[in-house]
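Notes follow once the structure below has been shown.
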There are 2 protein chains.
Amino acid sequence: MFKVNKLTDYATVLLIEIARRKVVQSSQHIAEQTGIPSPTVAKIMKSLNRAGLVASRRGASGGYSLERAAELITLADVIQAVEGPIALTACADTSDEHCNIESICPVQGKWNRANTAVRAALTQVTLADMVADMTMFGVPQHVAQTTAAE
Amino acid sequence: MFKVNKLTDYATVLLIEIARRKVVQSSQHIAEQTGIPSPTVAKIMKSLNRAGLVASRRGASGGYSLERAAELITLADVIQAVEGPIALTACADTSDEHCNIESICPVQGKWNRANTAVRAALTQVTLADMVADMTMFGVPQHVAQTTAAE
DNA sequence: AAATACAGGACTAATTCAGTCCTATTTACC
DNA sequence: GGTAAATAGGACTGAATTAGTCCTGTATTT
Ligand code: FES
Ligand code: FES
């Protein structure tokens with residue numbers, strides 16, 4: 001199945017939780033709210049911070065908050081933060097958008113168009129969209145565990 | 001990194017090889033042409049056949065040929081054939097397009113839009129496009145090994 | 001100064017993927 | 001009709017990736 005990492009799915013849950021409450025929340029607190037184990041939450045939050053999606057504050061009463069509005073955070077951003085670059089096939093390119101040896105690489109040529117198309121698709125979907133789609137179904141996200149219980 | 005399986009990349013190489021020569025080719029022969037190990041080629045070809053992307057002929061002088069024109073085979077088709085359904089997050093849905101429990105599933109709601117967008121993106125890219133992109137770079141695909149050899 | 005919370009990274013366990021191989025069935029050709 | 005060529009299906013193993021945990025260090029508040 002063609003899918004994103006589990007951690008990426010978690011990441012969206014965490015970001016949505018942070019977006020809902022506007023205040024700074026500790027990694028620990030977010031874990032309790034979402035039901036995701038706190039070491040894992042900590043790991044993901046570090047990635048999100050390094051990618052500049054959330055702002056962090058150290059020390060007592062520190063924690064995380066969104067760096068920008070949910071409308072400005074795209075799925076492409078989240079995936080890149082957690083999994084690294086969006087490139088449908090393995091490539092030496094880790095940096096920007098274009099690989100500098102692609103002219104001699106027989107693999108990338110054919111996947112270029114696909115990469116671009118997928119990146120564009122994922123850039124169209126924002127965090128705000130995901131929140132909207134969720135509430136459309138009338139399900140507050142912390143019900144996850146309740147419904148899972150048989 | 002957000003990427004497709006290695007086998008899916010192989011599959012595109014195989015399909016391109018089949019598209020170039022118009023005749024029926026055996027799995028063995030395709031393996032020799034592309035440099036991909038023949039048991040692996042056999043495995044992939046079976047998937048492609050089950051998905052209806054290639055036609056097979058058993059028996060002596062049998063082999064595979066494209067079921068339809070390269071313009072009509074999309075990347076979404078290839079990925080689905082090799083990896084199964086395109087669903088960015090795990091879901092009970094294995095069948096068509098819609099999961100029948102999605103109304104009570106807090107995960108899928110938020111990913112629905114993304115799934116649709118990615119599927120659409122991958123449907124836009126055809127095998128014919130990939131061939132064109134490759135030849136644009138002037139690299140016949142079997143050079144892969146040559147360039148890889150340091 | 002002490003407590004709280006993030007930063008970075010090493011490490012292990014679990015899962016998934018890639019690759020191989022075996023047996024059965026179908027078809028061409030002599 | 002018999003033999004060889006080729007696909008169909010599926011079981012199995014080893015490799016690679018991912019998920020999850022934990023430890024040590026640094027910054028900040030009280
Ligand atoms: S390695 Fe970058 S284009 Fe192939
Ligand atoms: S399991 Fe199908 S929508 Fe969640």
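No hydrogens, no waters, no symmetry mates; every other heavy atom, side chains included, goes into these values. Convention: sequence-line order gives letters A, B, ...; per-chain numbering from 1. Keep in mind it's a predicted model, so treat the numbers as computed, not measured.
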Problem - Sequence-distant partners of R50(A), salt bridge (Lys or Arg N to Asp or Glu O under 4.0 Å), two or more places apart - result: none
Practice task
Please name all residues satisfying side-chain contact (heavy atoms from CB on, under 4.5 Å) with A55(A), sequence neighbours left out, ordered by chain then number.
Solution key: S65(A), E67(A)
Exercise for the section: Look at the side chain of N115(B) and the backbone N and O of A87(B), then say whether any donor-acceptor pair between them is shorter than 3.5 Å. Expected result: no
Handout entry: For T40(B), all residues meeting side chain to side chain donor-acceptor pair (under 3.5 Å), sequence neighbours excluded
Key = none
Practice task
Compare the minimum distances between each of dA6(D), dA8(D), dT30(D) and the side chain of S26(B), then state the nucleotide with the smallest one.
Solution key: dA6(D)
Problem - Length of the CD1-P vector between I30(B) and dA5(D), whole Å - result: 18 Å
Practice task
State whether the side chain of R113(B) and the backbone N or O of V125(A) hold a donor-acceptor pair below 3.5 Å, judged by distance alone.
Solution key: no
Fill in the blank from the handout: Under a 4.0 Å heavy-atom cutoff, the residues of residues 45-53 of chain B touching DNA chain D are K46(B), N49(B), R50(B)
Exercise for the section: Name all residues meeting the side chain to side chain donor-acceptor pair (under 3.5 Å) criterion together with S27(A); count only those two or more places apart in sequence or in a different chain, and write none if there are none. Expected result: none
Exercise for the section: Report the distance from atom CZ of R57(A) to atom C1' of dT29(D), rounded to the nearest whole Å. Expected result: 9 Å
Exercise for the section: Could you tell me whether the side chain of K110(B) reaches within less than 4.5 Å of the side chain of V13(A), counting heavy atoms only? Expected result: yes
Problem - Y64(A) OH - dA27(D) C1' separation (whole Å) - result: 13 Å
Problem - Nearest-Å distance for atom pair CD/P, residues Q25(B) and dA5(D) - result: 18 Å
When you compare the protein's N or O atoms with those of nucleotides 24-26 of chain D, which come within less than 3.5 Å of each other, and at what distance?
| from | atom 1 | to | atom 2 | distance (Å) |
| --- | --- | --- | --- | --- |
| dT26(D) | O2 | R58(A) | NH1 | 3.2 |

Completion exercise
Taken to the nearest whole Å, CD/Q28(A) to P/dA7(C) is 15 Å
Practice task
Check for a donor-acceptor pair, side chain of T8(A) on one end and backbone N or O of V4(A) on the other, with a separation under 3.5 Å.
Solution key: no
Handout entry: side chain to side chain donor-acceptor pair (under 3.5 Å) partners for T74(B), two or more places apart
Key = D77(B)
Exercise for the section: Quick one: list whatever passes salt bridge (Lys or Arg N to Asp or Glu O under 4.0 Å) with R21(A), sequence neighbours left out. Expected result: E17(A)
Handout entry: Results of side chain to side chain donor-acceptor pair (under 3.5 Å) for S56(B) - residues two or more places apart only
Key = none
Write out a two-atom table: protein N or O, nucleotide N or O from nucleotides 13-15 of chain D, distance below 3.5 Å.
none

Handout entry: Inter- and intrachain pairs under salt bridge (charged side-chain N to carboxylate O under 4.0 Å, His left out), touching residues 31-49 of chain B, at least two apart
Key = none
Might you list the N or O atoms of the protein lying below 3.5 Å from N or O atoms in nucleotides 12-18 of chain C, with each pair's distance?
| from | atom 1 | to | atom 2 | distance (Å) |
| --- | --- | --- | --- | --- |
| dA18(C) | OP1 | K6(B) | N | 2.6 |

Exercise for the section: Please determine if a side-chain N or O atom of S56(A) lies less than 4.0 Å away from the OP1 or OP2 oxygen of dA7(C). Expected result: yes
Exercise for the section: For D129(B) and T126(B), indicate whether the former's side chain and the latter's backbone hold a donor-acceptor pair under 3.5 Å. Expected result: yes
